Amino acid sequence: MEWGKNIIDSLKWSDTIINREGKEKVAKEIAAKMKDGQIIGVGSGSTVYLALIAITERIEKENLHIQVIPSSLEILMTCIQLRIPQTTLLDKKPDWTFDGADEVDPQRSLIKGRGGAMFKEKLLIRNSTETYIIVDESKFVAQLGSKFPVPVEVFPTSLLYAEKELIALGARDVSLRMAKGKDGPVITENGNFILDAWFDSIKNSFERDIKSITGVIESGLFIGYDVEIMSI
């Protein structure tokens, strides 16, 4: 039985979409890569949202049968709204994944996680043969950590231990990410906190080093991944 018209049907993107025309152009390029029968991993962010709209247009026009694996509740609800069939990593492996990034360095290493979904985004990328990262020129940096801190998802009771260990790794500032629209800290979809750690220099080992801290679920560092960068 269908719910009938409900709150998901009226959802809109939560923020103003900057450079919408450029993002819509790349969204169509992403949609053009889709082939009938594929499983597609879907990251988070406004460009991903616009790509899902373009994907919906192709599905309806060409009667394509695809399934997507969303990385966040926001994207999951968008897929429900657009009537895009979904599956999970417990059932299917993605043929390819697309996502955005907060920073990209010359080696194509990334900082992700401003939206707080880096754990599930990393799962999708690790399980995909191909990954497309969509960014505009403002996201390119000479060195990771130039514009954004490294997000670190932490089990709540490990908060202070993780802070101490991040400082031991060289973080010059560590802060608990506070929510907008609710009192208190951001709570991830996994029920955890996010620490934002600023480093003056990020070593290639830091993704592994941060992940090894007891209580850390995942970090927003994506170092040495085989990704294709698509610039808006």
Side-chain angles (χ1 to χ4, degrees), residues 6 8-104 108 110-140 189 222 225-232:
N6 58 68
I8 292 180
D9 293 329
S10 59
L11 286 177
K12 296 181 180 179
W13 189 250
S14 55
D15 294 313
T16 301
I17 298 178
I18 300 171
N19 190 16
R20 182 163 188 143
E21 183 177 349
K23 290 180 177 179
E24 286 178 338
K25 179 178 179 294
V26 178
K28 290 181 180 178
E29 293 176 10
I30 283 291
K33 295 180 180 296
M34 180 176 61
K35 297 179 181 178
D36 192 44
Q38 285 189 326
I39 308 299
I40 303 170
V42 181
S44 302
S46 59
T47 308
V48 170
Y49 169 74
L50 294 173
L52 287 173
I53 294 174
I55 283 172
T56 301
E57 292 173 354
R58 276 204 67 198
I59 289 172
E60 293 176 350
K61 183 178 180 180
E62 302 176 36
N63 193 30
L64 298 178
H65 297 86
I66 63 105
Q67 290 179 297
V68 300
I69 305 175
S71 63
S72 67
L73 284 172
E74 186 171 33
I75 293 301
L76 180 151
M77 289 188 291
T78 297
C79 291
I80 293 172
Q81 183 184 49
L82 296 173
R83 307 296 189 265
I84 300 175
Q86 300 178 49
T87 185
T88 75
L89 284 171
L90 292 175
D91 188 38
K92 301 286 179 63
K93 185 178 184 297
D95 294 289
W96 53 279
T97 287
F98 68 96
D99 203 348
D102 302 318
E103 288 187 355
V104 181
R108 295 181 296 168
L110 317 170
I111 286 181
K112 294 172 46 56
R114 189 168 52 169
M118 59 274 190
F119 175 59
K120 292 183 179 178
E121 291 169 348
K122 191 169 287 191
L123 276 176
L124 286 174
I125 291 174
R126 284 297 195 192
N127 282 277
S128 298
T129 304
E130 300 176 22
T131 298
Y132 303 96
I133 301 295
I134 310 166
V135 293
D136 60 35
E137 291 298 322
S138 70
K139 304 301 175 64
F140 291 100
E189 293 169 16
F222 292 64
Y225 288 56
D226 185 15
V227 298
E228 180 175 331
I229 307 299
M230 298 179 65
S231 180
I232 296 171

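This structure is a prediction, so every number in the text was calculated from the model and none was measured.
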Candidate pair Met34 and Ile59, rule side-chain contact (heavy atoms from CB on, under 4.5 Å), full reasoning
CA-CA 9 Å; Met34 180 176 61; Ile59 289 172; 4.2 Å; yes
Check the pair Met230 / Ile30 against side-chain contact (heavy atoms from CB on, under 4.5 Å), numbers first and verdict last.
CA-CA 9 Å; Met230 298 179 65; Ile30 283 291; 3.6 Å; yes
Decide side-chain contact (heavy atoms from CB on, under 4.5 Å) for Val42 and Ile69; before the verdict, give the C-alpha distance in whole Å, the side-chain angles of both, and the deciding distance to 0.1 Å.
CA-CA 6 Å; Val42 181; Ile69 305 175; over 6 Å; no
Which is it for Gln86 and Ile80 under the side-chain contact (heavy atoms from CB on, under 4.5 Å) test, yes or no, and what are the steps along the way?
CA-CA 8 Å; Gln86 300 178 49; Ile80 293 172; 3.4 Å; yes
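Residue Glu137 holds its CD atom at 10.5 Å from CG of Asn19, rounded to the nearest 0.5 Å. Between Thr129 atom OG1 and Ile125 atom CD1 the span is 13.0 Å, to the nearest 0.5 Å. Distance check, rounded to the nearest 0.5 Å: CG of Leu123 to OG1 of Thr88 gives 11.5 Å. Rounding to the nearest 0.5 Å places CG of Leu82 at 7.0 Å from OH of Tyr49. The distance from atom NZ of Lys33 to atom CD1 of Ile55, rounded to the nearest 0.5 Å, is 11.5 Å.
By the 4.0 Å N-to-carboxylate-O rule, Asp102 lies too far from Lys112 to be salt-bridged with it. Using a 4.0 Å cut-off between charged side-chain N and carboxylate O, Glu29 and Lys25 make a salt bridge. The pair Asp99-Lys122 does not count as a salt bridge, with every side-chain nitrogen at least 4.0 angstrom from each carboxylate oxygen. Using a 4.0 Å cut-off between charged side-chain N and carboxylate O, Glu62 and Arg58 make a salt bridge.
Between Val227 and Tyr132, every side-chain heavy-atom pair lies at or beyond the 4.5 Å cut-off. With a 4.5 Å cut-off on side-chain heavy atoms, Ile40 and Thr97 do not count as touching. Side chains of Thr56 and Ile84 form a contact here, defined as non-hydrogen atoms less than 4.5 Å apart. The shortest side-chain heavy-atom distance between Lys93 and Ile39 does not fall under the 4.5 Å cut-off.
Side chain of Gln81 to main chain of Asp9: a donor-acceptor pair is present (N/O by atom type, distance under 3.5 Å, no hydrogens or angles). Ser72 places a side-chain N or O within 3.5 Å of a backbone atom of Ile75 that can act as its donor or acceptor partner.
Judged as a ring-ring contact (aromatic ring centres under 6.0 Å, His included), and not counting sequence neighbours, the contacts of Tyr225 are Phe222. Residues meeting the salt bridge (charged side-chain N to carboxylate O under 4.0 Å, His left out) test with Arg20, sequence neighbours left out: Glu24. Remark: Asp226 engages no residue in a salt bridge (charged side-chain N to carboxylate O under 4.0 Å, His left out) (not counting sequence neighbours).
Side chains of Ser44 and Ser71: a donor-acceptor N/O pair is present below 3.5 angstrom, by distance only.
Heavy-atom contacts from other residues, nucleotides or ligands closer than 6.0 Å to NZ of Lys28 number 12 or fewer. The environment of CD in Glu21 is sparse: at most 12 heavy-atom neighbours from other residues, nucleotides or ligands sit within 6.0 Å.
Of all heavy-atom pairs between Ile134 and Thr47, the closest is CG2-CG2, 3.5 Å. Residues Cys79 and Val68 share a closest heavy-atom pair of SG-CG2, 3.6 Å. Minimum heavy-atom separation, Lys23 to Ile17: CD-CG2, 4.0 Å. Taking all atoms of both residues into account, the shortest heavy-atom contact from Gly100 to Val48 is N-CG2, 4.4 Å. Nearest heavy atom pair, residue Ser46 against residue Trp13, reads N-CZ2, 3.3 Å. Heavy-atom minimum distance, Leu110 versus Ala101: CD2-CB, 4.3 Å.
With Trp96 as the fixed residue, the side-chain hydrogen bond (donor to acceptor under 3.5 Å, both in side chains) test singles out one of Glu228, Glu130, Gln38: Gln38. Shown are Val26, Ile232, Ile18; of these, the side chain to side chain contact (heavy atoms under 4.5 Å, CB included) with Asp136 is made only by Ile232.
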